[in-house]
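Structure, as structure tokens:
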Amino acid sequence: MLLLDYKKQFCTGLKNEYPLEEINSFFNILIAHYLSVTRLELALNPKKKLSSEEIKLFDKILLQLQRHEPIQYIIGETEFFGLKFQVNKNVLIPRPETEELVSWILSDLSDNNTSAIKILDIGTGSGCIAISLAKNLPNAKISALDISKEALKVASNNAEANGVEVKLENQDILHLNKSLDSFDIIVSNPPYVRDLEKKEMNRNVLENEPEGALYVRDNEPLIFYEAITDLAQTSLNKGGSLYFEINQFLAKETEKLLKEFGFKTTLKKDIFGNFRMIKGIKQ
Ligand SMILES: C[S@@+](CC[C@H](N)C(=O)[O-])C[C@H]1O[C@@H](n2cnc3c(N)ncnc32)[C@H](O)[C@@H]1O
């Protein structure tokens with residue numbers, strides 16, 4: 001079968017589930033990933049054929065997409081901060097707003113001597129924050145922890161694939177079983193979606209991404225921010241910085257919490273104009 005003919009079938013199979021632009025994007029991702037064919041190459045070579053094995057594979061993926069499985073889990077990878085990351089259902093798919101958090105940290109550091117700086121990433125998931133920082137700060141000592149052993153396996157594969165060293169540790173930040181080193185920067189994108197916000201979320205997220213990575217109870221929405229800021233009291237060096245990705249609907253509450261712990265705070269908006277990040281400097 002011609003690949004272009006299969007594309008028509010693929011679009012028809014998904015037209016009730018997604019806008020056409022998104023279906024085209026899925027198709028382009030799949031042909032690039034499995035056939036090493038770009039959209040342009042397909043346009044230049046319209047006679048490109050699919051083998052029966054390839055049709056079988058693409059038919060299976062079509063069914064997964066009809067069930068709203070994220071394309072990143074289907075192909076097993078995604079891009080973050082210009083790097084490739086393995087992802088599976090044990091880790092959150094890294095989001096663009098988290099790239100903005102990494103950019104903020106790097107731009108704050110660009111004027112300073114970053115030689116032996118020590119950084120801790122809490123709730124590392126795929127390792128996207130820790131690994132992008134390690135890639136851009138070759139002299140920094142980077143540690144990361146997560147409650148999920150399965151997530152740490154993914155982070156370890158990603159550190160190796162990207163050629164960086166990150167010290168990974170299995171720890172529950174709400175019940176630490178040892179005291180931690182001291183750091184110059186602590187960064188975290190912890191779970192912050194309240195149960196009450198679930199109804200606003202897309203099916204692909206609700207049905208596929210790990211609950212433990214995303215949700216907090218309505219009556220304690222800042223539980224992770226409180227535990228991490230408390231930890232920063234002892235584990236962050238004086239003048240050190242705490243960076244968080246935050247729930248845009250709780251920006252003021254999160255800022256108040258950091259202030260109560262004595263941190264000098266700056267809230268920052270993402271490219272869509274929402275408060276999605278905060279920095280606290282330890283006085
Ligand atoms: C929102 S995800 C962030 C993942 C990754 N840092 C990112 O930005 O894509 C939160 C992460 O925190 C981890 N986590 C949840 N509860 C935790 C706990 N009590 N202690 C440590 N990590 C926890 C989850 O396993 C998940 O990997």
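Since the model is a prediction, treat every value here as computed from it, not as a measurement. Every number for a ligand or one of its atoms is a count from 1 in the order of the listing.
Judged by distance alone, the side chains of Lys259 and Thr265 do bring a donor and an acceptor atom under 3.5 Å apart. Side-chain contact, Lys282 with Asn237: no donor N or O sits under 3.5 Å from an acceptor N or O. Counted by atom type alone, Glu245 and Tyr192 present one or more donor-acceptor pairs between their side chains at under 3.5 Å.
The protein heavy-atom contact nearest to atom 1 (C) of ligand 1 is Ala213 O, 2.9 Å. Here the heavy atom of the protein found nearest to atom 25 (O) of ligand 1 is Asp146 OD1, 2.7 Å. Distance from atom 20 (N) of ligand 1 to its nearest protein heavy atom, with residue and atom name: Ile173 N, 2.8 Å. Considering only non-hydrogen protein atoms, atom 7 (C) of ligand 1 sits nearest to Cys128 SG, 3.5 Å. When only non-hydrogen protein atoms are considered, atom 23 (C) of ligand 1 lies nearest to Ile147 CG2, 3.5 Å. Protein heavy atom nearest atom 15 (C) of ligand 1, with residue, atom name and distance: Gly212 O, 3.2 Å. Nearest to atom 8 (O) of ligand 1 among the protein's heavy atoms is Asn189 ND2, 2.8 Å.
Contacts of Asp172 with ligand 1, taken as heavy-atom pairs under 4.0 Å, involve both backbone and side chain.
Using a 4.0 Å heavy-atom cutoff, Arg95 is absent from the residues neighbouring ligand 1. Ligand 1 lies within reach of Pro191, whose nearest heavy atom is under 4.0 Å from it. Residue Phe224 places a heavy atom under 4.0 Å from ligand 1.
Here Glu255 pairs with Lys252 in a salt bridge; the nearest charged N to carboxylate O distance falls below 4.0 Å. Salt bridge annotation for Glu69-Arg67: present, with a cationic side-chain nitrogen under 4.0 angstrom from a carboxylate oxygen.
For ligand 1, the atoms closer than 4.0 angstrom to any heavy atom of Thr98 are 8 (O). Close approach to Gln171 involves these atoms of ligand 1, each under 4.0 Å from a residue heavy atom: 20 (N), 21 (C).
Using a 4.5 Å heavy-atom threshold, the side chains of Leu42 and Phe27 count as touching.
Comparing Val87, Thr124, Val187 against atom 5 (C) of ligand 1, the shortest heavy-atom distance belongs to Thr124. Among Ala151, Gly123, Gly125, the residue whose heavy atom sits closest to atom 6 (N) of ligand 1 is Gly123.
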Run the numbers on Asp59 and Lys56 for salt bridge (charged side-chain N to carboxylate O under 4.0 Å, His left out), then give the verdict.
CA-CA 5 Å; Asp59 280 348; Lys56 222 191 268 172; over 6 Å; no

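Legend: ring-ring contact (aromatic ring centres under 6.0 Å, His included) pairs involving residues 232-267, not counting sequence neighbours, sorted by first then second residue: Trp104-Tyr243, Tyr225-Phe244.
The only member of Lys89, Arg95, Arg203 that meets salt bridge (Lys or Arg N to Asp or Glu O under 4.0 Å) when paired with Glu209 is Arg95.
For the salt bridge (charged side-chain N to carboxylate O under 4.0 Å, His left out) test, no residue two or more places apart in sequence or in another chain qualifies with Glu211.
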